[in-house]
Amino acid sequence: MKEITALVLTLNEEENIAECLRTLAWADRILVLDSGSTDRTVEIARSMGADVYFHPFRNYAEQRNFALSLVRTDWVLFVDADERVPEELALEIREAVEREGVCGWWIPRKNYICGRWIRHGGWYPDFQLRLLRPERARYDSAWEVHEIVIVEGETGCLRNPLIHYNYRTWREFLARQRAYLPLEVRTLHRRGMKAKPWSPLSMPVREFWRRYFKLEGYRDGLHGLILALVLAIYTSLAYGQLLLTKPEKLQV
């Protein structure tokens, strides 16, 4: 049987890490890559049998590429600390990795935001390419946030979803968007995106239309409206900073 490493990136995740690792007990190895937690994250992870490594955080793509370098098994499953792997998904993963010729598997994800499963607006099925053959995968350095993995070979899709307890409160959602903002601006720059004088107005309108109408975010009621509005504002701020920041300031 092919061996699987379950790999979790952490930073101050003491509220999530124990429950996350409990749903990964089926894996052959559990590895936690921490970027400097000051709470009990590392202590809890070690007490539950995880191998813990440390690496300073610069961006998500670099962190995941470093994590890949630590894997010594046939496959790696990336899981965030606020995600859970149900038994049905674990069984499907065990079957999937035995298939020859496939180098990566997309996993559908159910996002719970402020206690509600969000079914529309691009939040479901929200496929994530998380089950990988490490020697055939690398993360594109241009994407510092909402990272993109490049797989050399065929990929497939699983049926059973990963459960994501995304944001417990709207305050947490807003705080995460603020933290993502500088990474998003640099990502736009690295991808060669250019901001026009009207981009801070036109791009958020496009984003709101896409999420709320095209992807039917309105079907999630007030939650769908708030999510579409906040992400539109986030888009406006990103393009505003891209427009006003000198290119040399965006180099890392």
Side-chain angles (χ1 to χ4, degrees), residues 9 11 35 56-65 78 80 82-83 106 109 111-114 116 118-130 138-151 164-252:
L9 306 184
L11 176 64
S35 54
F57 182 89
R58 292 182 67 246
N59 60 65
Y60 289 96
E62 180 183 291
Q63 200 75 353
R64 290 192 187 274
N65 279 327
F78 277 102
D80 292 341
D82 56 1
E83 294 173 338
W106 293 86
R109 186 168 66 169
N111 288 288
Y112 286 83
I113 298 177
C114 297
R116 178 172 176 175
I118 306 299
R119 293 172 168 84
H120 308 284
W123 294 96
Y124 184 77
D126 189 26
F127 276 95
Q128 303 290 313
L129 187 50
R130 296 286 195 82
R138 64 180 177 84
Y139 284 83
D140 188 341
S141 60
W143 293 78
E144 295 191 29
V145 65
H146 310 307
E147 56 275 20
I148 300 295
V149 60
I150 299 169
V151 174
H164 189 197
Y165 295 106
N166 209 332
Y167 306 103
R168 293 184 175 87
T169 66
W170 292 115
R171 177 176 292 184
E172 182 183 345
F173 179 63
L174 291 171
R176 188 74 62 85
Q177 304 317 305
R178 286 195 297 270
Y180 285 160
L181 187 57
L183 301 177
E184 179 69 23
V185 175
R186 290 201 299 269
T187 294
L188 290 171
H189 173 70
R190 288 185 174 187
R191 291 171 57 206
M193 305 296 288
K194 305 294 184 182
K196 303 292 192 298
W198 54 85
S199 295
L201 294 176
S202 63
M203 296 305 291
V205 170
R206 178 187 295 184
E207 178 67 4
F208 181 82
W209 178 269
R210 184 178 75 89
R211 287 194 176 269
Y212 195 67
F213 292 106
K214 185 177 180 180
L215 297 176
E216 300 183 336
Y218 62 85
R219 297 180 64 183
D220 285 311
L222 183 59
H223 278 65
L225 177 61
I226 294 173
L227 289 167
L229 283 171
V230 171
L231 291 173
I233 293 170
Y234 169 70
T235 301
S236 177
L237 294 173
Y239 276 89
Q241 288 193 21
L242 183 64
L243 178 66
L244 297 174
T245 306
K246 295 181 179 179
E248 56 268 23
K249 296 289 186 180
L250 296 173
Q251 303 297 330
V252 178

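Values reported hereafter were calculated over all heavy atoms of this structure, with side chains retained and with hydrogens, waters and symmetry mates removed. Treat the numbers as computed from the prediction; the structure is a model and nothing was measured.
- Taking CZ from R186 and CD from Q241, the interatomic distance works out to 10.5 Å, rounded to the nearest 0.5 Å.
- I113 is listed as a side-chain neighbour of W170, based on a closest heavy-atom distance under 4.5 Å.
- The two residues P200 and P197 have their closest heavy-atom pair at CD-O, 3.6 Å.
- Contact between G224 and Y212 at its shortest, heavy atoms only, is O-CD1, 3.9 Å.
- Using a cut-off of 4.0 Å between Lys/Arg side-chain N and Asp/Glu carboxylate O, R191 and D140 are scored as not salt-bridged.
- Side-chain contact check for Y60 versus L183: some heavy-atom pair is nearer than 4.5 Å.
- Using a 4.5 Å cut-off on side-chain heavy atoms (C-beta onward), H223 and I118 make contact.
- For the residue pair A61 and S141, the shortest heavy atom distance occurs at CB-CA, 4.3 Å.
- In this structure the side chain of S199 never reaches within 4.5 angstrom of the side chain of L243, judged on heavy atoms.
- For the atom pair CG (N166) and CD (E172), the distance works out to 8.0 Å, reported to the nearest 0.5 Å.
- Summarising the geometry of Y180 relative to V145, their closest heavy-atom pair is CD2-CG2, 3.5 Å, with the distance given to 0.1 Å.
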Original post:
Taking it one step at a time, do W123 and R211 satisfy side-chain contact (heavy atoms from CB on, under 4.5 Å)?
Top reply: CA-CA 9 Å; W123 294 96; R211 287 194 176 269; 3.8 Å; yes
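- Under the 6.0 Å distance and 45° angle rule, R64 counts as a cation-pi partner of F78.
- Of all heavy-atom pairs spanning A232 and P204, the tightest one is O-CB, 3.0 Å.
- Proximity of R109 to D80: side-chain heavy atoms (C-beta onward) are separated by under 4.5 Å at one or more points.
- Using a distance-only test at 3.5 Å, with no hydrogens or angles considered, a donor-acceptor pair links the side chain of D220 to the main chain of H120.
- Listed for the N65 side chain is no donor-acceptor partner under 3.5 Å among the backbone atoms of R138.
- Rounded to the nearest 0.5 angstrom, K196 NZ and Y239 OH are separated by 10.0 Å.
- Taking CD of Q128 as the reference point, atom CH2 of W106 lies at 7.5 Å (rounded to 0.5 Å).
- R190 pairs in a salt bridge (charged side-chain N to carboxylate O under 4.0 Å, His left out) with only one of the listed residues (E147, E144, E184), which is E144.
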**OP:** Give the intermediate values and the outcome of side-chain contact (heavy atoms from CB on, under 4.5 Å) for residues Y167 and Q177.
**Re:** CA-CA 11 Å; Y167 306 103; Q177 304 317 305; 3.5 Å; yes
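- Listed here is the closest heavy atom pair of F208 and F213: CE2-CE1, 3.9 Å.
- Environment of CZ in R206: sparse, with no more than 12 heavy atoms of neighbouring residues, nucleotides or ligands closer than 6.0 Å.
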**OP:** Given side-chain contact (heavy atoms from CB on, under 4.5 Å), test L181 with Y234 step by step and report yes or no.
**Re:** CA-CA 7 Å; L181 187 57; Y234 169 70; 4.0 Å; yes
**OP:** Please lay out, stage by stage, how F173 and L231 fare under the test side-chain contact (heavy atoms from CB on, under 4.5 Å).
**Re:** CA-CA 10 Å; F173 179 63; L231 291 173; 4.1 Å; yes
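- In this structure the side chain of E83 reaches within 4.5 angstrom of the side chain of R130, judged on heavy atoms.
- Residue T245 holds its OG1 atom at 11.0 Å from CG of L188, rounded to the nearest 0.5 Å.
- In this structure, R116 CZ and R119 CZ are separated by 7.5 Å, a value rounded to the nearest 0.5 Å.
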